[in-house]
Number of protein chains: 2
Amino acid sequence: MVGQKIQRQTGVALWRQIADRIRTSISHGDFDETGMVPPETTLALQFGVNRHTIRSALGALAQEGIVRAVQGRGTLIERKERLSFPISKRTRFSQGIGDQVRETRSVLLASSEEPANAELSGQLKVDVGTKLVRLETLGQADHRPVSRATSWFPADRFGDIAEIYRTTGSITKAFRELGVPDYVRVVTEITATHADESDLSDLQLSPGAIVLVAQALNADLDDVPVQYSISRFAADRVRFTVEN
Amino acid sequence: MVGQKIQRQTGVALWRQIADRIRTSISHGDFDETGMVPPETTLALQFGVNRHTIRSALGALAQEGIVRAVQGRGTLIERKERLSFPISKRTRFSQGIGDQVRETRSVLLASSEEPANAELSGQLKVDVGTKLVRLETLGQADHRPVSRATSWFPADRFGDIAEIYRTTGSITKAFRELGVPDYVRVVTEITATHADESDLSDLQLSPGAIVLVAQALNADLDDVPVQYSISRFAADRVRFTVEN
DNA sequence: TATGGTTGTCTATATCAATAGACATTTAGA
DNA sequence: TCTAAATGTCTATTGATATAGACAACCATA
């Protein structure tokens with residue numbers, strides 16, 4: 001936490017920069033010994049800002065449920081979480097983080113049919129206009145939203161995937177029922193951007209937050225593409241891990 | 001670009017959010033037909049803000065050299081770039097993006113010796129206090145900074161790596177001279193955060209920008225760790241690609 | 001129970017961010 | 001050469017951001 005100064009006149013308010021930094025420190029375990037954030041006056045000195053600015057930052061973190069201020073005692077850390085999300089040939093949502101949380105869940109938000117546009121046809125190796133099934137899903141870990149994904153599947157093979165997914169909550173199981181016993185991750189593209197409006201509501205993020213965006217292509221064991229998906233993760237809740 | 005609304009009272013100024021969005025649209029090729037950004041009045045209408053706010057956003061992008069406003073004509077797009085950065089067993093800076101740009105270069109910013117702390121000793125599998133060489137490097141593509149990395153190497157094997165790297169500009173060549181003919185990427189951890197002060201200067205970023213952070217461990221062919229590094233990439237200039 | 005350390009609240013002031021409107025300047029094209 | 005469309009510049013006003021200082025309320029503990 002020490003060493004990095006904060007930026008003024010950047011379009012990003014000081015209290016937000018400081019809130020982000022403290023959140024990172026918490027998830028990094030910097031305050032584990034005491035279980036609480038340093039006093040406001042100390043933080044104000046460290047960051048070189050007024051105590052009121054620190055209070056704005058801590059207020060935002062309290063709003064997120066990460067800290068809780070107790071008058072006379074200090075500001076207690078309520079929650080610190082950053083899930084490690086492995087990316088490999090066998091990347092699946094639940095398996096990867098299963099040992100890090102008590103319960104993982106996947107929820108179907110919406111589904112529809114639509115024709116493949118240029119990008120989707122290129123990814124899934126189908127003709128432009130081919131019917132695709134689109135699923136909007138939400139990944140949860142211990143009842144907290146972690147990822148929000150849009151997936152496309154060729155409709156000829158997976159026309160019923162929405163219904164099966166709705167009942168099982170698992171892409172893997174849905175694939176199995178539809179004649180795909182196993183599948184592998186072909187490629188994952190990772191970028192980062194600021195959270196948009198739907199990120200804020202779906203992932204319960206605070207405005208200005210960062211999302212990691214993963215575009216992934218899955219194929220069956222014959223190397224035929226079966227799923228193309230764009231997933232958005234709360235950057236302060238997950239880290240991607242690539243093992244070779 | 002359509003559809004996503006911007007957020008008010010978030011600690012992130014509207015002009016900055018809009019600048020980020022326009023930058024993304026540009027790198028996505030949304031305005032390739034005209035080669036210029038839509039008129040300020042149009043953008044103001046689309047984003048639902050005052051024209052002056054749009055001007056602040058475009059001013060920031062002009063400062064970055066991404067657009068150039070010409071009175072009477074419009075705002076021209078000067079530059080759009082987003083490199084694809086593959087992550088695999090054989091991840092190297094220059095090879096991966098070599099076919100996307102004319103010239104890649106790696107520059108040594110600083111080097112020092114320091115003892116291993118708890119984290120470094122765990123990663124490199126050496127005792128706490130073991131002497132390490134630390135390199136601060138800057139990766140460039142076509143003379144534009146792309147990544148900024150801090151790397152640690154065990155000093156007993158790689159005590160002279162700074163000098164060799166300074167002359168060759170290549171970690172791979174430095175390893176080879178020091179008796180490591182080949183090395184592989186063991187694991188990469190990817191997170192995202194806001195740019196800090198040194199990111200701004202080293203990567204020539206505008207304040208509030210997002211950086212992708214990759215923590216990587218390389219090992220020699222005997223699986224002995226040889227390099228641990230933390231690299232920071234301008235999120236709007238690169239995307240990571242994981243191929244399985 | 002007295003004290004030091006902590007969070008909570010209040011007032012005041014200066015600067016940044018955003019809106020609103022008007023008008024000048026430049027360019028391209030009819 | 002006139003006109004429409006675009007950027008450039010200016011003034012004025014409002015709300016958010018940040019600083020400064022003072023004091024109240026609360027907690028743990030000596």
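Lettering of chains follows the sequences in order, A, B, ..., and the numbering in each one begins at 1.
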Asks: What's the separation between atom CD in B:Gln215 and atom OG1 in A:Thr241, rounded to the nearest 0.5 Å?
Replies: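 It is 9.5 Å, given to the nearest 0.5 Å.
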
Asks: Just the rounded figure in Å: distance from C1' of C:dA17 to CZ of B:Arg55.
Replies: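 After rounding, the gap between these two atoms is 16 Å.
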
Asks: Tell me the interatomic distance from B:Trp15, atom CH2, to D:dT17, atom C1', rounded to whole angstroms.
Replies: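 So the CH2-C1' distance, B:Trp15 to D:dT17, works out to 14 Å.
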
Asks: What bend angle does the helix from C:dT1-D:dA30 to C:dA30-D:dT1 show across its length, from five-pair end axes and to the nearest 10 degrees?
Replies: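 Terminal axis comparison yields 20°.
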
Asks: At what distance, to the nearest 0.5 angstrom, does CD1 of B:Ile210 lie from CD1 of A:Ile210?
Replies: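 Between atom CD1 of B:Ile210 and atom CD1 of A:Ile210 there are 4.5 Å.
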
Asks: Is A:Gln17 reaching over with its side chain to a backbone N or O of A:Val12, donor-acceptor style, under 3.5 angstrom?
Replies: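 A pair under 3.5 Å: yes.
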
Asks: Taking CG from B:Leu76 and P from C:dA28, how many angstroms apart are they, rounded to a whole number?
Replies: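 B:Leu76 atom CG is separated from C:dA28 atom P by 10 Å.
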
Asks: Does the ring center of A:Phe240 lie less than 6.0 Å from the ring center of B:Phe240?
Replies: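 For A:Phe240 and B:Phe240, the ring centres are not under 6.0 Å apart.
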
Asks: With respect to the phosphate group of C:dT7, does any side-chain polar atom (N or O) of A:Thr75 fall under 4.0 Å of OP1 or OP2?
Replies: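 It does, given that an N or O in the side chain of A:Thr75 lies less than 4.0 Å from OP1 or OP2 of C:dT7.
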
Asks: Within the side chain of B:Ser229, is there an N or O that forms a donor-acceptor pair under 3.5 Å with the backbone of B:Ser231?
Replies: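 No, the answer is negative, given that no donor and acceptor are paired below the 3.5 Å cut-off.
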
Asks: Of the listed nucleotides (C:dT6, C:dT19, D:dT19), which one gets closest to any side-chain atom of B:Thr53?
Replies: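 So the nucleotide nearest the side chain must be C:dT19.
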
Asks: Within this structure, what is the CZ-to-P distance between A:Arg16 and D:dA18, rounded to whole angstrom?
Replies: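 After rounding, the gap between these two atoms is 11 Å.
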
Asks: Considering the options B:Ile77, B:Val67, B:Ile18, B:Thr75, which one meets the side chain to side chain contact (heavy atoms under 4.5 Å, CB included) requirement together with B:Leu61?
Replies: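 With B:Leu61 as partner, side chain to side chain contact (heavy atoms under 4.5 Å, CB included) holds for just one option, B:Val67.
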
Asks: Check nucleotides 21-29 of chain D for protein N or O atoms closer than 3.5 Å to its own N or O atoms and list the pairs.
Replies:
residue, atom, partner, partner atom, Å
D:dG21, O6, A:His52, NE2, 2.4
D:dA25, N3, A:Gln71, NE2, 3.0

Asks: In this structure, how many angstroms lie between the P atom of D:dT17 and the CD1 atom of A:Ile54, rounded?
Replies: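 So the CD1-P distance, A:Ile54 to D:dT17, works out to 15 Å.
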
Asks: Please name the pair of heavy atoms, one in A:Met36 and one in A:Phe31, separated by the smallest distance, quoted to 0.1 Å.
Replies: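 Closest pair (atom of A:Met36, atom of A:Phe31, distance): O-CB, 3.5 Å.
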
Asks: Whole-Å distance between C:dA28 P and B:Met36 CE?
Replies: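 Those two atoms, CE and P, are 10 Å apart.
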
Asks: Looking at B:Thr41 and B:Arg51, what are the two nearest heavy atoms and their distance?
Replies: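 Looking at all heavy atoms of both residues, the closest pair is CG2-CD, 4.0 Å.
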
Asks: What distance separates A:Tyr228 OH from A:Leu217 CG, expressed to the nearest 0.5 Å?
Replies: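 Answer rounded to 0.5 Å: 8.0 Å.
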
Asks: Would you mind telling me which of D:dT7, C:dA17, C:dG8 lies closest to the side-chain atoms of B:Ala13?
Replies: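 For the B:Ala13 side chain, the nearest candidate turns out to be C:dA17.
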
Asks: How long is the line joining CD of B:Gln17 and P of D:dA16, in whole Å?
Replies: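 It works out to 15 Å between those atoms.
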
Asks: In whole angstroms, how far is the P atom of D:dT19 from the CZ atom of A:Phe47?
Replies: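 Between P of D:dT19 and CZ of A:Phe47: 13 Å.
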
